[in-house]
Q: 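What follows is a single structure, and I will ask about it in a moment.
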Amino acid sequence: MAEWRDFLPETMRLCPSAPRVVALTQIKEACIDFFHRSRCWRVDLAPMVVPVSTTTFAPVPPLATEVVDIMSAQWDGKTITVKSRQELDDEFGGWRALQPSDRPLMLTLTDERTVRLIPMNTAAGTLDIYAAIKPSRDATGVSDAQFSEHVETIAMGAAHRLLMMPDKAWTNFELAGERMSAFRDGIRKARNLAKRGYARSNNLYAPARRYGGL
């Protein structure tokens with residue numbers, strides 16, 4: 001695992017006058033922002049054995065991470081549709097009134113900690129979720145694979161944050177704009193690569209766990 005301090009050499013190269021302790025905070029913020037916006041860190045969550053009559057449940061991502069988005073899902077090996085709440089309202093206006101079924105037809109991520117099954121299931125099943133994740137606030141770093149692929153872009157984001165701090169010896173708004181442009185370019189490239197399936201997923205598997213509704 002790569003820790004926040006492993007990002008320091010590249011970050012300090014871009015903003016050498018900033019204190020290292022301040023840079024560490026901005027590295028963490030830039031990293032969370034990068035993975036939230038790019039959705040490029042994708043993993044298979046531990047299979048979940050979902051009991052009968054489950055409406056909502058909490059997905060369980062790897063330690064010190066949070067779910068950003070659900071990319072795909074399967075119920076007992078069969079694909080179910082993943083939709084945002086807005087897509088449900090736009091495309092399936094009566095989704096709230098769907099009668100319970102032996103298997104859900106769709107699911108939606110209502111927030112970073114809650115998944116809703118649609119409709120409610122009348123039979124237990126195993127749910128497999130492929131999700132985009134980001135570091136949580138208590139994280140101390142990221143996987144080695146994500147570090148090696150994205151250290152330069154994340155350092156650009158951290159440098160932008162440092163250079164934008166007002167009234168500091170290292171403040172430089174013009175250079176901050178350049179760093180932000182590079183950061184955004186890196187996010188766009190990472191997102192596009194992930195969409196095409198080229199980004200390393202660093203898939204994580206664990207024994208199936210049993211969850212009840214919330």
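Only heavy atoms go into these numbers, but all of them, side chains included; no hydrogens, no water, no symmetry mates.
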Q: Start with the C-alpha gap between T54 and N121, add the side-chain angles, then the distance that decides, and say whether side chain to side chain contact (heavy atoms under 4.5 Å, CB included) holds.
A: CA-CA 6 Å; T54 297; N121 57 308; 3.7 Å; yes
Q: I want to check something: taking the side chain as every heavy atom from C-beta on, are K134 and W41 in contact at a cut-off of under 4.5 Å?
A: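 The answer is no; the side chains never approach within 4.5 Å.
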Q: About how many Å separate CG of L163 and OG1 of T171, when rounded to the nearest 0.5 Å?
A: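 If we round to the nearest 0.5 Å, T171:OG1 and L163:CG are 8.0 Å apart.
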Q: Is it true that atom CZ of R191 has more than 12 heavy atoms of other residues, nucleotides or ligands lying nearer than 6.0 Å?
A: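 More than 12 within 6.0 Å, yes.
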Q: What closest approach, in Å, do I70 and V82 show between heavy atoms, and which atom pair accounts for it?
A: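 Minimum heavy-atom separation between I70 and V82: O-CG1, 3.5 Å.
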Q: Would you check if L14 and L162 make a side-chain contact, meaning some heavy-atom pair closer than 4.5 Å?
A: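 No. Closest side-chain heavy atoms not under 4.5 Å.
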Q: Is it the case that the side chain of D144 and the backbone of A2 share a donor-acceptor pair, with hydrogens and angles ignored and the cut-off at 3.5 Å?
A: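 It does hold such a pair.
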Q: I'd like to know if I32 and V43 are part of one continuous hydrophobic network [Ile/Leu/Val/Met/Phe/Trp/Tyr, side-chain heavy atoms within less than 4.5 Å].
A: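 No, because V43 and I32 fall into different hydrophobic clusters, even though each may have its own neighbours under 4.5 Å.
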Q: Measure across T11 and A159 and return the closest heavy-atom pair with its distance rounded to 0.1 Å.
A: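 The pair with the smallest heavy-atom distance is CG2-N, 4.4 Å.
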Q: Any salt bridge between R179 and E174, counting N to O under 4.0 Å?
A: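 Looking at R179 and E174, the cut-off is not met.
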Q: Are the side chains of L107 and L127 in touch, meaning some heavy atoms are under 4.5 Å apart?
A: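 Side-chain contact under 4.5 Å: yes.
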Q: So, taking the atom named CE in M1 and the one named CD in Q146, what distance separates them when rounded to the nearest 0.5 Å?
A: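 Reported value, rounded in 0.5 Å steps: 12.0 Å.
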Q: So which heavy atom on C40 is nearest to which on A190, and how close?
A: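 Result for this residue pair: CB-O, 3.7 Å.
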Q: Is D89 salt-bridged to K83, going by a charged N under 4.0 Å from an acidic O?
A: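 Salt bridge between D89 and K83, a charged N being under 4.0 Å from a carboxylate O: no.
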Q: With a 4.0 Å cut-off on N to O distance, would you call E66 and R113 a salt bridge?
A: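 Between R113 and E66 there is a salt bridge, with a charged N closer than 4.0 Å to a carboxylate O.
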Q: Evaluate the side-chain proximity of E152 to M156: yes if any heavy-atom separation is below 4.5 Å, no if none is.
A: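 They are not in side-chain contact.
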Q: Has the side chain of N192 got a donor or acceptor atom that lies under 3.5 Å from a matching backbone atom of K189?
A: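 Not a single qualifying donor-acceptor pair exists.
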Q: Taking W95 as the starting point, is it possible to reach L105 by hopping between hydrophobic residues whose side chains are less than 4.5 Å apart?
A: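 Linked within one cluster.
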Q: Locate the shortest heavy-atom distance separating L45 from P62; write the atom from each residue and the value.
A: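 So the minimum-distance heavy-atom pair works out to CD2-CD, 4.2 Å.
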Q: Can M12 be reached from V22 by stepping across I, L, V, M, F, W or Y side chains whose heavy atoms are under 4.5 Å apart?
A: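 No, V22 and M12 fall in different hydrophobic clusters.
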Q: Looking only at heavy atoms, what is the nearest atom pair of T126 and V49, with distance?
A: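 Residues T126 and V49, closest heavy atoms: OG1-CG2, 4.2 Å.
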Q: Is the closest side-chain heavy-atom distance between V142 and W4 below 4.5 Å?
A: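 A side-chain contact under 4.5 Å exists here.
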Q: Between F35 and H150, what is the ring plane arrangement, given parallel below 30°, perpendicular above 60°, and tilted in between?
A: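 The rings of F35 and H150 stand perpendicular, inter-plane angle above 60°.
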Q: Using every non-hydrogen atom in the two residues, find where I80 and P104 come nearest and quote the distance to one decimal.
A: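 That would be CG2-O, 3.3 Å.
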Q: Taking the side chain as every heavy atom from C-beta outward, state whether L117 and V50 have any pair of such atoms under 4.5 Å apart.
A: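 Yes, side chains in contact.
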